[in-house]
Number of protein chains: 2
Amino acid sequence: MSVEAQLRAGKTRLRLWLKLLKTSNAIEAALRDRLRTEFGTTLPRFDVMAALARTPEGLKMSELSRRLRVSNGNVTGIVDRLEAEGHAERRAVAGDRRAMEVRLTAAGRAHFATLAEAHEDWVNALMGAITEEEAQRIMSDLDAVARDLEEKR
Amino acid sequence: MSVEAQLRAGKTRLRLWLKLLKTSNAIEAALRDRLRTEFGTTLPRFDVMAALARTPEGLKMSELSRRLRVSNGNVTGIVDRLEAEGHAERRAVAGDRRAMEVRLTAAGRAHFATLAEAHEDWVNALMGAITEEEAQRIMSDLDAVARDLEEKR
DNA sequence: CGGATTTATTTCAAGCATAAAATATCTTTG
DNA sequence: CAAAGATATTTTATGCTTGAAATAAATCCG
């Protein structure tokens, strides 16, 4: 590829990044806003509940932090609040007195079912401009980026 | 479109959203990390400096908040910190004693030039898996989403 | 066994982000 | 002109996020 084409591709990638960021921020803001106004909750709490909903037997704090790719201290705070709401509970782990297992309460499971359904509808509406085919193509491009990023890390 | 195809498209859009979010979070995290370790600064400060660099005559606080789509109070804090670093300055606006104009200092302009060049290189490397053509196509898809979102708001 | 290291979690300080309230000033309008 | 409303900014309270330090418990290994 020529030097000029390289330079052009670089500028295009920068523009793509800015647009990607803007779009994902806009969608995220819409989701946060609806979670707050319609259900009085937040995206981080939703994300933790989603992870817990997938593993009914519970997850250790460190597992939760690893899966969500956020710091340990962050998870501590979010689980504190979910626990205060009665949506999650910590339990001692048999055989390791350092560890804590977190799981959804019955109330938490019921609440999450409602949230998840609304969330799926919102996303579907927000991304209504994308067809099934476009979505597939973008996903495969993003997979390439993710694999590349993974290697670099 | 059949009911089944509709359902399938909905699930695909949800998967796309999760992937979009994950990718953009990963790239953003890499940029934050480099800004912090290599330059001791942050993405919000970079964003404010980028907006100010585009308008050398300065911007009012409210203009800045509108362009970056963040709250007024948020801009207050970021500009406070940029000012403390000596990278930006507030000036009274002639004819409106409520308003403040913010602009980069000479040191701020010099610092931002360095940051912006590194930033462009990082983005280019992080998105290296995307070709010029793919980038163009994804951007036009994202434009469709953005237009759609704009209407809904 | 017992000291050194690793692992699991929490705490802490700082910054970012929001919505809502507070201030101050400008503009409109009766 | 004066009250009412609009606009510009800051302050406040709350929550999310991180990296680094602090605790506590488990594991390793000489």
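Residue numbering restarts at 1 for every chain, and letters A, B, ... go by the order of the sequence lines. Only heavy atoms go into these numbers, but all of them, side chains included; no hydrogens, no water, no symmetry mates.
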Q | Euclidean distance, atom CD of residue E101(A) to atom C1' of dA8(C) [Å, nearest integer] | A | 13 Å

Q) Do R98(A) side-chain and dT9(C) base share a donor-acceptor contact under 3.5 Å? A) no

**Q.** Mutual orientation of the aromatic rings belonging to F46(A) and F112(A) [parallel < 30°, tilted 30-60°, perpendicular > 60°]
**A.** tilted

Q.
Would you say K60(B) places a side-chain N or O within less than 4.0 Å of OP1 or OP2 belonging to dT9(D)?
A. no

(Q) Can you measure R36(B) atom CZ to dT17(D) atom P for me and round it to whole angstrom units? (A) 17 Å

Q.
Using a 3.5 Å distance criterion without hydrogens, assess whether the side chain of E132(A) forms a donor-acceptor pair with backbone atoms of A5(B).
A. no

(Q) Need one value for R45(B): base, sugar-phosphate or nothing, where a base atom within 4.0 Å counts as base even if backbone is also close, heavy atoms only. (A) sugar-phosphate

Q) Given atom CD of E83(A) and atom P of dG15(D), what is their separation to the nearest angstrom? A) 16 Å

Q. CG of L31(B) versus P of dT18(D): gap in Å, rounded?
A. 15 Å

Q) For the pair made of CZ in R32(B) and C1' in dC16(C), what is the distance, rounded to whole Å? A) 8 Å

Q. Among side-chain atoms of T105(B) and E89(B), is any donor-acceptor pair under 3.5 angstrom?
A. no

**Q.** Selection: residues 85-96 of chain B, any non-hydrogen atom under 4.0 Å of DNA chain D
**A.** R90(B)

**Q.** End axis versus end axis in the helix from dC1(C)-dG30(D) to dG30(C)-dC1(D), the angle rounded to 10°, five pairs used at each terminus
**A.** 0°

Q) How many angstroms lie between CD1 in I138(A) and CD in E134(B), if you round to the nearest 0.5 Å? A) 11.0 Å

Q.
With a 4.5 Å cut-off on side-chain heavy atoms, are V93(B) and M100(B) touching?
A. no

Q: Can you measure from CG (L18(A)) to CE (M139(B)) and round to the nearest 0.5 angstrom?
A: 10.0 Å

(Q) Rounded to the nearest 0.5 Å, what separates atom CE in M127(A) from atom CG in D148(B)? (A) 10.5 Å

Q) So, is N74(B) close to the dT18(C) phosphate, meaning a side-chain N or O under 4.0 Å from OP1 or OP2? A) yes

Q.
Base, sugar-phosphate or nothing for I78(B)? Non-hydrogen atoms, less than 4.0 Å.
A. sugar-phosphate

Q. Does atom CD of E117(A) have more than 12 heavy-atom neighbours from other groups under 6.0 Å away?
A. no

Q | Non-hydrogen side-chain atoms of H111(A) and M49(A) separated by less than 4.5 Å | A | yes

Q: For R97(A) and dT10(C), give me the distance from atom CZ to atom P, rounded to whole Å.
A: 16 Å

Q: Starting from the 5' end of DNA chain D, give me the residue, M61(B) or D33(B), whose nearest nucleotide shows up first.
A: M61(B)

Q. How many Å lie between CG on L35(B) and C1' on dT18(D), as a whole number?
A. 15 Å

Q. Think T42(B) has a side-chain N or O under 4.0 angstrom from the OP1 or OP2 of dC16(C)?
A. yes

Q: For residues R90(A) and E101(A), determine if any side-chain heavy atom of one lies less than 4.5 Å from a side-chain heavy atom of the other.
A: no

**Q.** Nearest-angstrom distance from the residue atom CG of N72(B) to P of dA21(C)
**A.** 15 Å

Q.
For dT9(C) and S62(A) - does any side-chain N or O of the residue sit under 4.0 Å from the phosphate oxygens OP1/OP2?
A. yes

